[in-house]
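Since the structure comes first, as structure tokens, the remarks are kept for the end.
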Amino acid sequence: MVQHDGEGYWKATLGLIRNVLIVWFVVSYGFGILLAPVLNNIHLGGYPLGFWFAQQGSIYCFVALIFFYAKKMGQIDEKFDVHED
Amino acid sequence: MELQTTTYIIVGITFALYIGIAIWARAGSTKEFYVAGGGVHPVLNGMATGADWMSAASFISMAGLIAAFGYGGCLFLMGWTGGYVLLAMLLAPYLRKFGKFTVPQFFGSRYYSKGASTVAVICLLIASTTYIIGQMTGVGVAFSRFLGVSNATGIYIGMGIVFMYAVFGGMKGITYTQVAQYCVLILAYTVPAVFISLHLTGNPIPQLGLGSDMVGSNIALLDKLDQIVTDLGFAQYTTHWRGSMLNTFVYTVSLMLGTAGLPHVIVRFFTVPKVKDARSSAGWALVFIALLYTTAPAVAAMAQMNLLKTVNPGIVSGTLTDITASGSQIVYDERPAWMKRWEVTGLLKFEDKNGDGRIQYYNDKSSDPKFEAAGWKGNELTVNKDIMVLANPEIAMLPNWVIALVAAGGLAAALSTAAGLLLAISSAISHDLLKEKFMPDLSEKGELMAGKIAMACAIVVAGILGLHPPDFAAGTVAIAFGLAASSIFPALMMGIFSKTMNKQGAMAGMLAGIGVTMLYVFAHKGLFFIKGTEFLGLFGGEANFFFGIEPNAFGTIGAIVNFAVAFAVKNMTTPVPSDIADMVEQVRIPRGSKAVDGSH
């Protein structure tokens, strides 16, 4: 494998990690903690929204994020031809 | 059937199941003892990781602490799940590619020195032992209640059982056993939650029930809870911070980083067949963990509601409105049977301070004058937070088999995690420390024996310290996470994401990170958690003196110190050898991954 490809692959990987981490931060620390007092003015059924993100919503997002990452990473592996046989 | 008999039967059946599986899948070689041959399917591995992960802290203790913290309990919920995102992306695939089978081996190779792996072993031992103290606290609570003995006796019995259990098999036995344990513990957690949710809100799904209206009214459960707890002088349930916003924030960070830094969880990802599987395994693990973690807040709020209903029945049902009126609290002599059962363990206490024979449960630090006006002389009911989950089905008056099932689940949770941790400890001492460093010609048999002795010592130390635990089970475990977050996680991450990080930087970073964290924790909780050796006086005597941050949350600060020191030292010392930089390059791509082997 030529050096150039390795760099491109790593850059694509880091880009994906960065994007996932942004969503990860926003749903947990953002909606669940920093903005929770504001979001609590909105209700989701009997849940204040900030409380819901902190105790429920962020966890659902984490699960989705990992599978999204695993899928995207698989595509990046194929694209740069570094996947396992 | 008697509750006690039912409990023995159900606990007995589940134990027979685990032991049966352990014998069926008994470990043969050293390699099998530690990593189960590398052929575990991602979904099964995810389930086993779930059982390994969800310990007494998650199962027994967490919901009780959430009930007490209210909204602030989110730090456990997010902290102990969000770390999996970090683990899946930042560590698991790369460590799998690396192809070693313990964390210290990774350090030894990546940081090209035995010194780095020794420092890692020390950090790992400190964090794991602290973790086991928390488990022992939980085990003690579970055994004391179900055998009807004191908390201390419960811990002694627990020590014996954990030891027998851990030396029985290795990882292989444990992987399949843990799949069974996961099934038991998740059933035990969700079944009572479904019953209780149905009973309180009419919705059988606890995750939805928590956001629903109370049965027969149009008031949301959380609104009702807010109303009653504030009426009793406590902080509002849905908005109450744990300490402060800053403390909640750093506490959550600390637990997340710790998740990605604890050896018994990381080691799971060494055992999957491929790099690709390491990524999805983390996802599957989190699916199974999330089942419990999204149920926990419902268990917490509903247990709190049911406790209040027990003490102030008229207020909760809405037939009475004046919470301080004499008729609104129950008469002690008419208390339900579950209170009597827990009084035996010493974990639930009643003291009739104003001598009226009724139970006044409220926040006696509240400035509201109505309590004094009503002749209340202080809170009279003390409920240990660690008993909430186990007592929950009793409080809700569920059938005996459900109560017994919860007992079995609590024990499964505590045992599975304790076993996984003890294995991490035993491999760290026998393989990474003795064989690699001090006794290179140690035979395979000798290595296994040394590992078992190490386990026994760890159990005794943790059990003794667990008699006077530094915190509730989940709180102690949080400290363990902080210690891992401040030492192992940053060094692992830099090992993969920084090609230039050298051994001096990594070692200095780990020592500095765990050093400041231990200093802060021990100042509050005593030297090595021994009561009476706290030294807060050195820092002005005020608790949480660093911006109001609790010792349990300090791992975040430790991690920052770790990163800062590592980069500073790296810049002052000799650069990393070029073959190591090439190795890091190789670790970053999935192709060419080999089966795991322990050689160098």
Side-chain angles (χ1 to χ4, degrees), chain A residues 1 3 5-7 9-10 13-14 16-21 23-25 27-29 31-37 40 43-74 76-78 80-85, chain B residues 66 70-75 77-79 81-90 93 201 207-208 210-213 219-223 237-239 245 248-249 252-253 256 274-276 279-280 282-287 289-290 293-294 296-298 300-301 497 585 588-593:
Chain A
M1 191 184 63
Q3 189 62 27
D5 278 336
E7 267 173 35
Y9 173 73
W10 192 239
T13 306
L14 291 181
L16 175 64
I17 293 177
R18 185 198 58 222
N19 292 342
V20 173
L21 284 182
V23 179
W24 167 84
F25 184 88
V27 296
S28 54
Y29 296 98
F31 295 161
I33 296 179
L34 300 172
L35 298 173
N40 279 340
H43 277 72
L44 187 73
Y47 278 117
L49 192 58
F51 179 89
W52 182 79
F53 266 106
Q55 299 209 346
Q56 295 277 315
S58 56
I59 302 174
Y60 301 130
C61 295
F62 294 152
V63 173
L65 282 173
I66 296 183
F67 284 110
F68 171 79
Y69 159 81
K71 185 160 174 266
K72 282 278 167 199
M73 220 34 226
I76 294 175
D77 286 353
E78 304 256 337
F80 287 88
D81 193 31
V82 294
H83 55 285
E84 295 153 294
D85 311 316
Chain B
I66 298 172
Y71 157 79
C74 70
L75 56 90
L77 295 164
M78 294 195 286
T81 54
Y84 274 83
V85 180
L86 302 179
L87 191 58
M89 297 198 304
L90 305 179
T201 68
Q207 288 84 344
L208 301 178
L210 183 58
S212 301
D213 292 347
I219 307 169
L221 182 125
L222 287 168
D223 288 340
Y237 191 83
T238 55
T239 56
M245 185 190 277
T248 308
F249 192 99
T252 311
V253 174
M256 286 198 191
K274 289 175 169 182
V275 171
K276 213 174 155 67
R279 298 177 189 140
S280 59
W284 284 113
L286 190 58
V287 166
I289 291 165
Y293 272 68
T294 54
F497 288 84
E585 191 105 307
R588 289 175 178 181
I589 55 167
R591 176 158 299 166
S593 70

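Chain letters run A, B, ... following the sequence lines, proteins first and then strands; every chain starts at 1. Hydrogens, waters and symmetry mates are skipped; everything else that's a heavy atom, side chains included, is used.
For B:Leu86, the part lying near chain A is the side chain, with the backbone staying farther off; criterion is any non-hydrogen pair under 4.5 Å. Heavy-atom distances place no part of B:Leu221 under 4.5 Å from chain A, backbone and side chain included. Both the backbone and the side chain of A:Leu34 come within less than 4.5 Å of a heavy atom of chain B. Both the backbone and the side chain of A:Ser28 come within less than 4.5 Å of a heavy atom in chain B. Only the side chain of B:Leu90 comes within less than 4.5 Å of a heavy atom in chain A; its backbone stays farther off. If you measure heavy-atom distances from A:Phe68 to chain B, you find no contacts under 4.5 Å at all. In this structure, the portions of B:Leu210 lying under 4.5 Å from any heavy atom of chain A include both its backbone and its side chain.
Among B:Trp284, B:Tyr71, B:Tyr293, B:Phe497, the residue making the largest number of heavy-atom pairs under 4.5 Å with chain A is B:Tyr71. The candidate from B:Pro590, B:Cys74, B:Ala298, B:Ala220 with the greatest count of non-hydrogen atom pairs under 4.5 Å with chain A is B:Pro590. Taking chain A as the reference chain and counting heavy-atom pairs below 4.5 Å, the highest number among B:Ser212, B:Ala88, B:Gly592 is found for B:Ala88. No other option in B:Ile289, B:Leu87, B:Thr252 has as many heavy-atom pairs under 4.5 Å with chain A as B:Thr252. The candidate with the highest count of non-hydrogen atom pairs below 4.5 Å against chain B, out of A:Gly45, A:Pro37, A:Ala54, is A:Ala54.
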Point to revise | Audit row: B:Arg591, A:Asp81, side chain to side chain contact (heavy atoms under 4.5 Å, CB included) steps and yes/no | key: CA-CA 9 Å; B:Arg591 176 158 299 166; A:Asp81 193 31; 3.2 Å; yes
Practice item. Check the pair A:Val20 / B:Met89 against side chain to side chain contact (heavy atoms under 4.5 Å, CB included), numbers first and verdict last. Key: CA-CA 9 Å; A:Val20 173; B:Met89 297 198 304; 3.5 Å; yes
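A donor-acceptor pair under 3.5 Å is formed between the side chain of A:Glu84 and the backbone N or O of B:Lys276. A donor-acceptor pair is defined here as one N or O able to donate and one able to accept, closer than 3.5 Å; such a pair exists between the side chain of A:Tyr29 and the backbone of B:Val253.
Residue A:Tyr69 comes nearest to B:Pro93 through the heavy atom pair OH-CG, 3.9 Å, listed as atom of the first residue, atom of the second, then distance. When all heavy atoms of B:Arg588 and A:Trp10 are compared, the pair lying nearest together is NH1-NE1, 3.0 Å. Minimum heavy-atom separation, A:Val63 to B:Ala290: CG2-CB, 4.0 Å. When all heavy atoms of A:Phe53 and B:Met78 are compared, the pair lying nearest together is O-SD, 4.5 Å. Closest approach of A:Gln55 and B:Gly70 over heavy atoms only: NE2-O, 3.1 Å.
One distance of note links CD1 of A:Ile59 with CG of B:Leu286; it measures 8.0 Å at 0.5 Å rounding.
In this structure, B:Tyr84 has its ring center no closer than 6.0 Å to that of A:Trp24.
Side chains of A:Asn40 and B:Thr238 form no contact here, defined as non-hydrogen atoms less than 4.5 Å apart.
In terms of the salt bridge (Lys or Arg N to Asp or Glu O under 4.0 Å) criterion, residue partners of A:Asp77 (sequence neighbours excluded) are, by chain and number, B:Arg279.
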